[in-house]
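Scroll down for the structure; my scribbles are underneath it.
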Amino acid sequence: MDHVFGMFFAGHETTASAMSLMMYSLARHPEWQARLRTEIAARNLSDAPTLEALSDMPVAEAVFRETLRLYAPIQFLPRRSVRSFDWCGHRIPANSHILLPPQVCHRDESLFEDPNSFRPDRFLTGSARQQVDPFAWVPFGRGSHMCMGTHFALLEIKALFVPLLRRFDLELAMTDAPALQHVPLLRPKGKLPIKFVQRLSQ
């Protein structure tokens with residue numbers, strides 16, 4: 001029962017949350033939608049791309065990472081301290097149950113320049129890249145207990161967006177930001193405020 005629950009919640013609902021909010025982010029930022037579509041066209045990707053082709057999509061990966069930086073599906077990561085330590089003037093005893101909120105790191109201006117803006121270029125290689133500390137981006141956790149589905153989720157996202165962006169433009173259906181549900185995981189309340197506009201050419 002626990003394995004089935006874990007597969008459904010961690011392997012399905014979190015990915016659905018990421019897909020929904022990545023669609024919303026691309027609709028809000030059509031320039032990144034265009035860059036991702038250019039990447040798809042440059043690699044001549046079909047609706048059924050190979051694993052090798054999906055593995056070489058840096059723009060898609062950067063958009064995915066920036067979406068999860070702003071909208072981490074899981075709002076609290078449960079952990080337990082293996083030894084006592086001091087943090088910000090507080091003594092944390094060994095064997096304490098700790099809830100780590102990824103958004104605290106993800107919106108910290110000491111870790112991310114302009115943290116409330118959608119800037120996927122911070123995850124791209126090159127001179128414009130902001131060097132992201134490995135433990136600053138933690139939607140999947142980090143260390144030995146990092147989510148085992150991290151790479152699979154990224155492949156799923158890419159496999160969805162290749163045929164989606166070849167066929168449709170994503171546009172905002174309303175100017176107001178959608179209301180978000182935060183528990184048990186982050187997702188839009190009600191309908192996603194975007195519309196799919198059929199493209200004349202693919």
Side-chain angles (χ1 to χ4, degrees), residues 1-3 5-26 28-29 32 58 60-154 157 176-190:
M1 183 73 76
D2 288 340
H3 284 299
F5 177 78
M7 182 179 295
F8 179 76
F9 183 77
H12 178 271
E13 289 294 305
T14 53
T15 306
S17 168
M19 287 176 175
S20 298
L21 289 164
M22 186 166 164
M23 288 180 197
Y24 171 68
S25 297
L26 288 172
R28 282 192 65 206
H29 302 277
W32 280 99
E61 184 168 342
V63 171
F64 171 73
R65 288 178 176 272
E66 182 68 346
T67 299
L68 292 196
R69 186 187 68 80
L70 291 170
Y71 307 108
I74 296 177
Q75 297 290 283
F76 296 98
L77 302 174
R79 294 292 185 266
R80 182 176 59 83
S81 57
V82 295
R83 56 180 175 271
S84 60
F85 64 97
D86 292 313
W87 182 77
C88 293
H90 299 278
R91 186 66 176 174
I92 310 298
N95 205 36
S96 297
H97 292 282
I98 301 170
L99 290 178
L100 306 174
Q103 295 302 121
V104 172
C105 293
H106 293 178
R107 303 270 183 156
D108 188 336
E109 62 183 8
S110 70
L111 299 171
F112 294 98
E113 182 181 339
D114 196 11
N116 295 317
S117 296
F118 183 77
R119 290 177 46 185
D121 57 314
R122 71 177 90 241
F123 291 102
L124 289 171
T125 57
S127 58
R129 180 187 179 189
Q130 173 182 317
Q131 297 299 318
V132 177
D133 186 291
F135 282 85
W137 187 81
V138 289
F140 295 98
R142 202 70 189 179
S144 59
H145 293 284
M146 186 172 179
C147 175
M148 68 176 69
T150 302
H151 300 295
F152 182 66
L154 178 56
I157 293 284
D176 294 336
L180 297 177
Q181 171 184 309
H182 292 81
V183 178
L185 79 166
L186 190 71
R187 63 183 179 188
K189 288 183 179 178

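Across all non-hydrogen atoms, the minimal contact from Ala153 to Thr15 is CB-OG1, 4.3 Å. When all heavy atoms of Asp114 and Arg69 are compared, the pair lying nearest together is O-NH2, 4.5 Å. What you find for Pro102 and Ala72 is that their closest heavy atoms are CB-CB, 4.1 Å.
Side-chain atoms of Tyr71 and Leu180, non-hydrogen and from C-beta on, do get closer than 4.5 Å to each other. The shortest distance between side-chain heavy atoms of Met19 and Met22 does not fall below 4.5 Å. Put simply, the side chain of Leu21 reaches to within 4.5 Å of the side chain of Pro188, judged on heavy atoms. Counting only heavy atoms from C-beta outward, the side chains of Val138 and Leu100 never approach each other to under 4.5 Å. Pro78 is not listed as a side-chain neighbour of Ile98, based on a closest heavy-atom distance of 4.5 Å or more. Leu124 is listed as a side-chain neighbour of Pro58, based on a closest heavy-atom distance under 4.5 Å. Ser25 is not listed as a side-chain neighbour of Val63, based on a closest heavy-atom distance of 4.5 Å or more.
Note that CZ of Arg83 is 13.5 Å distant from CG of Asn95, once rounded to the nearest 0.5 Å. Within the model, atoms CD of Gln181 and OG of Ser17 stand 9.5 Å from one another, a figure rounded to the nearest 0.5 Å. Within the model, atoms CG of Leu70 and CG of Leu186 stand 10.5 Å from one another, a figure rounded to the nearest 0.5 Å. Distance check, rounded to the nearest 0.5 Å: CZ of Arg65 to OG1 of Thr67 gives 12.0 Å. Once rounded to the nearest 0.5 Å, the distance linking NE2 of His106 with CG of Leu68 reads 8.0 Å. Taken from CZ in Phe85 to CD1 in Ile92, the straight-line distance is 5.0 Å, to the nearest 0.5 Å.
Ser96 contributes no side-chain N or O that, together with a main-chain N or O of Ser81, makes up a donor-acceptor pair within less than 3.5 Å. Looking at Glu109, its side chain never comes within 3.5 Å of a backbone N or O of Pro115 through a donor-acceptor pair. Proximity of a side-chain donor or acceptor of Gln75 to a complementary backbone N or O of Leu185 within less than 3.5 Å is not detected. Looking only at distances, no side-chain donor or acceptor of Trp32 sits under 3.5 Å from a matching main-chain atom of Pro120.
Salt-bridge annotation for Arg122 and Glu113: absent, with no side-chain N of the basic residue lying under 4.0 Å from a carboxylate O of the acidic one.
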### Task
Please report the C-alpha distance between Ile74 and Thr14 in whole Å, then the side-chain angles of each, then the deciding distance to 0.1 Å, and finally whether the side-chain contact (heavy atoms from CB on, under 4.5 Å) criterion is met.
CA-CA 7 Å; Ile74 296 177; Thr14 53; 3.9 Å; yes
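Relative ring orientation between Phe123 and Phe112 is described as tilted, the plane-to-plane angle lying within the 30° to 60° band. A parallel orientation is assigned to the rings of His29 and Phe118, their planes being inclined by less than 30° (bins at 30° and 60°).
Counting heavy-atom neighbours within 6.0 Å of His182 NE2, excluding the residue itself, gives a total above 12. Enclosure of atom CZ in Arg91 by more than 12 non-hydrogen atoms of other residues, nucleotides or ligands within 6.0 angstrom is indicated.
No side-chain donor from either of Ser20 and Arg187 sits under 3.5 Å from a side-chain acceptor of the other.
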